[in-house]
Amino acid sequence: MPQGRHFLPIFPNFAGAMNVWEHLQQTGLPVLEIAGEVNRALADAPCLVVTAPPGAGKSTILPLTILDGEREGKILVLEPRRIAARQIAERMASLLGEPVGRTVGYRIRFESRVSTSTRIEVLTEGILTRMLVDDPGLEGVGVVIFDEFHERSLQSDVALALTRETQRLLRPDLRILLMSATIDTDALCQALRAPLIESAGRVFPVEIIHTEETTQETVAQVVAHRIRLALREHEGDILAFLPGEAEIRRCMELLEEVPGQTGNGGSRICPLYGLLPPEQQRAAIAPSPPGRRKVVLATPIAETSLTIEGVRVVVDGGFCRRLVFDPQNALSRLETVRISRDMADQRSGRAGRVAPGVCYRLWSPATEARMAVTRTPEILEADLAGTVLDAAAWGETQPERLAWLTPPPAAHLAQARRLLELLGAVDEAGRITPHGRRLAALPCHPRIAQMLLAEDVSTGLAADIAALLEERDPLAGDATDASLTTRLDALHRSGGSGRWSRIAHIAEQYRALVAKERRGPMASAEDPYQVGRLLALAYPERVAKARGDGPGRFQLAGGELVAVAPEDPLSACAWLAVASVSVRQGGAGRIFLAAPVDPEDLPELIRTRDRVAWDSPAGGAVAQRERRIGGLLVDARPLSEGVREALTQAICKAAQKEGTAMLDFSDEVGNLQRRVAAAAAWHPELGLPDLSTEAVLKNAPQWNTARGPKRPWCACACRSVSACWTRRVSMTAAAPC
């Protein structure tokens, strides 16, 4: 086990360095028992897997003991969530008796607390990806720790794949440590060729109680009912898991009048989800004041890493939100689904950290038997546009060749490449373009970056739209107004207060991020077509054109049918740029956020092509120059020069494909066919041609030969194919053999 003397050179500014190790020992956390073994393993093995039950101290104590060992270089600790990164850094700094930002710091999106003396950095996973793109060698870093790896977020898989490539190609001395409480260690150790070290836990027994079955629609009501019972029947604080913010708010409404059990002012109800301001998140995880109880209503954000003091009861609603990407239409949608069994185990373990506890599972044992054993890695269901762009920025044009634990689906990768080509981020070979490097430098989805870097619109407008799209829509309940300009107007009128405060804060962060002054005054809803142009640049495949078969019905550039409510003002628009939309099989999806757009404002998206073809519905040939956005026709003008041969080929091809459906032979033609067939049968020596309809269709291209007039028979530009065919058949039959 590492000794306290190692702290002296590492923390030269901390006079009580010898007391740090003593303080760590006084915590009595089980992970201290494996600290020496972990340091010895890291000296020999490129990768290491550590498992420890919740509350063992792996997230806070183990990085400090690694730093106290003989490893050189900085330690990076990756956390899947911002709130966990912030709390873990604060906890480690307090153990050292230092402020955050000295020896231990953290970096999350839009927030950084590090200095030149920082030796342990707690990061969210996307930050590491940015670091690898900027410095593929990770110079100065000795160990990269992936905490709570069982969550298998997309960013953690991307960061691990790139870190393994760095280790293989550039930094064989770099060490990788994966930590989790619940994970398939056999498969993981085999894939990484890594040893496994297991820590004994300090988890108290938790009684599991299955209750009445709940559904997605009733989960908030059933959770609230079970909380009321638990407040009467058990001691300690309560942690309840719900799928998302909407269910949390509904549950809070139902619990507003819950009386306290201590007679000291009642129970405190605290929400806990990712979009809460940091101060409210800290209030949810802070210990309850003496004599009071706390009920924390949380999303899966509270499953791991976070320490919520005093929890003795867990109420598990059994559902979570999952973002699923459909490569057929490049759209993602949130689904509310049953959790997996490993998630249920993580949640129940929260009740046994400080004392014996109880977990109410709001589903039956039969339902539990049908639940998936482990959660699905996000890389199998996510939009991979950012992943492909990160790989290209790192230098890999074929991301499928990276050292993935779970290879990404080929269809998702192909869809991501197509989008990045539309955005101008990569070329046809998958190489990143200069514009793509600018997109990759921003810590956001390539679509959002595309808006932020648009040169011909207000930076303020782009930042406001980006913030609105990334956060939950505050006006989501209004089914008759999908206009993004309505939201922008409300944001500006709010002055950035109330429920709009977080959106306003993120917009300001984005303005600072692009590092250029906002041009002109703060944009408002007065010019919705500028809003539409920005949306179209970010979502080029979601430009939509009115169909004309009913109010509010549109077709996307990718071909999907979508709609807004007939009473929505957007239903009167000829063109829309759509930011948020659902997909419905066999029907029109619903548009949630959009803005009107003028296709003439989108020269980057318009493609021009000459179309010479047979138009079956019109019953005639078409020769025109078209301008299109995806599959949508912007306008067309006739072509008159140099298209005769192409018209001939188009009609002949259509004749072979459509057969008699495109012909209307008269009785005169039929009589001629029969007469020629009879003559051919009576006098085979004449070598008369086969003029049957089937033969004519089969050999249509050959009928446009030297026989007959020099110019193509269809050059008469006749709209009736049957007339042309009648003329051609008559001339051929009369010609000498």
Ignoring hydrogens and angles, state whether a donor on the side chain of S156 or S153 is under 3.5 Å from an acceptor on the partner side chain.
yes

In this structure, CD1 of I308 is separated from CG of L272 (nearest 0.5 Å) by 5.5 Å

Just do the side chain to side chain donor-acceptor pair (under 3.5 Å) check on H445 and D383 with the steps written out, would you?
CA-CA 10 Å; H445 192 281; D383 177 0; 2.9 Å; yes

Is it the case that atom CD in E428 sees more than 12 heavy atoms from other parts of the structure closer than 6.0 Å?
no

Please step through side-chain contact (heavy atoms from CB on, under 4.5 Å) for the pair L442 and L453, ending with a clear verdict.
CA-CA 10 Å; L442 298 180; L453 296 179; 4.0 Å; yes

Pair L128, L138 - check side-chain contact (heavy atoms from CB on, under 4.5 Å), show working.
CA-CA 9 Å; L128 177 58; L138 283 183; 4.3 Å; yes

Where do A425 and L389 come nearest, in terms of heavy atoms and distance?
CB-CD1, 4.0 Å

For G101, is there any backbone N or O sitting under 3.5 Å from a side-chain donor or acceptor partner on S115?
yes

Expected output: side-chain R113 to main-chain G105 donor-acceptor under 3.5 Å
no

Between the side chains of R321 and T336, does any donor sit under 3.5 Å from an acceptor?
yes

Looking only at the side chains, is there a donor atom on one of Y106 and E111 sitting less than 3.5 Å from an acceptor on the other?
yes

Of all the heavy-atom pairs spanning M371 and A344, show the shortest one and how long it is.
CE-CB, 4.4 Å

Salt bridge or not for R109 and E470, using N-O below 4.0 Å?
yes

May I ask you to decide if A45's main-chain N or O and R175's side chain share a donor-acceptor pair within less than 3.5 Å?
yes

Quick one: does W404's side chain have a donor or acceptor within less than 3.5 Å of a partner on V158's backbone?
no

Close side-chain approach of V143 and L174, heavy atoms under 4.5 Å:
no

Distance alone, cut at 3.5 Å: any donor-acceptor contact between the side chains of E381 and H412?
no

Examine distances only and state if a side-chain atom of N39 and a backbone atom of T65 form a donor-acceptor pair shorter than 3.5 Å.
yes

Would you say R375's side chain and S340's backbone share a donor-acceptor pair under 3.5 angstrom?
no

Looking at side-chain heavy atoms only, is the closest gap between L96 and V104 below 4.5 Å?
yes

Answer yes if the side chains of Q398 and R401 hold a donor-acceptor pair under 3.5 Å, and no otherwise.
yes

In Å and rounded to the nearest 0.5 Å, what is the CG to CZ distance from L242 to F319?
11.0 Å

In Å, rounded to the nearest 0.5 Å, how long is the span from CD of E148 to CG of L78?
12.0 Å

For L384 and P408 the tightest heavy-atom approach is CD1-CB, 3.6 Å

Can you see which heavy atom on A536 is nearest to which on A577, and at what distance?
N-CB, 3.7 Å

Would you indicate whether the side-chain heavy atoms of F146 and I176 approach each other to under 4.5 Å?
yes

Testing the 3.5 Å rule here: is there a donor-acceptor pair between the side chains of T433 and D427?
no

Decide, yes or no, whether a salt bridge links E37 with R40 under the criterion of side-chain N to carboxylate O below 4.0 Å.
no

State the OG1-CZ distance between T124 and R82, to the nearest 0.5 angstrom.
7.5 Å

Taking C-beta and beyond as the side chain, do I448 and I465 meet within less than 4.5 Å on heavy atoms?
no

Scan side-chain atoms only and decide if H435 and Q450 contain a donor-acceptor pair under the 3.5 Å cut-off.
yes

List the steps and the verdict of salt bridge (charged side-chain N to carboxylate O under 4.0 Å, His left out) for E604 and R533.
CA-CA 11 Å; E604 309 93 330; R533 168 164 165 71; 2.6 Å; yes

Stepwise side-chain contact (heavy atoms from CB on, under 4.5 Å) check, Q281 with R86
CA-CA 10 Å; Q281 293 177 343; R86 193 184 294 114; 3.5 Å; yes

Are side-chain heavy atoms of C444 and Y510 found at a separation under 4.5 Å?
yes

List the atom of D147, the atom of P80, and the distance in Å for their closest heavy-atom pair.
O-CD, 3.9 Å

Using the side-chain contact (heavy atoms from CB on, under 4.5 Å) definition, which of the options L64, T118, L67 pairs with T103?
L67

Sidechain N-carboxylate O distance under 4.0 Å for D135, R130:
no

Backbone N or O of A85 within a donor-acceptor pair of the E79 side chain at under 3.5 Å?
no

Show, in sequence, the C-alpha distance, side-chain angles and deciding distance for R502 and E471, and conclude whether the salt bridge (charged side-chain N to carboxylate O under 4.0 Å, His left out) test is met.
CA-CA 8 Å; R502 180 174 174 82; E471 298 301 310; 3.0 Å; yes

Beyond-backbone contact of L605 with V543, side-chain heavy atoms, under 4.5 angstrom:
yes

Electrostatic pair E400:R417 at N-O distance under 4.0 angstrom:
yes

Would you compute the distance between atom CD of E121 and atom CD1 of I145 and round it to the nearest 0.5 angstrom?
12.5 Å

Does R542 use its side chain to pair, donor to acceptor, with the backbone of A579 at less than 3.5 Å?
yes

Closest approach of L380 to P407 (non-hydrogen atoms, all atoms of both residues)
CD2-O, 3.8 Å

Run the salt bridge (charged side-chain N to carboxylate O under 4.0 Å, His left out) test on R418 and E421 for me, step by step, so that the C-alpha distance in whole Å, both residues' side-chain angles and the decisive distance to 0.1 Å come before the verdict.
CA-CA 5 Å; R418 287 194 292 271; E421 287 184 35; over 6 Å; no

So, do V122 and M92 sit near enough that their side-chain heavy atoms are less than 4.5 Å apart?
yes

The test is side-chain contact (heavy atoms from CB on, under 4.5 Å); show your working for R338 and C320 and say whether it passes.
CA-CA 6 Å; R338 278 282 179 194; C320 67; over 6 Å; no

Answer yes when R447 and E541 have at least one side-chain N-carboxylate O distance shorter than 4.0 Å, and no when they do not.
yes

Are the side chains of P300 and F241 in contact, using a 4.5 Å heavy-atom criterion?
no

R628 (side chain) donor-acceptor with G631 (main chain) under 3.5 angstrom
yes

N/O donor-acceptor pair under 3.5 Å between R164 side chain and A403 backbone
yes

Give, for atom CE of M131 and atom OG1 of T166, the distance between the pair rounded to the nearest 0.5 Å.
11.0 Å

Distance-only polar pair, side chains of R152 and T406, donor-acceptor under 3.5 Å:
yes

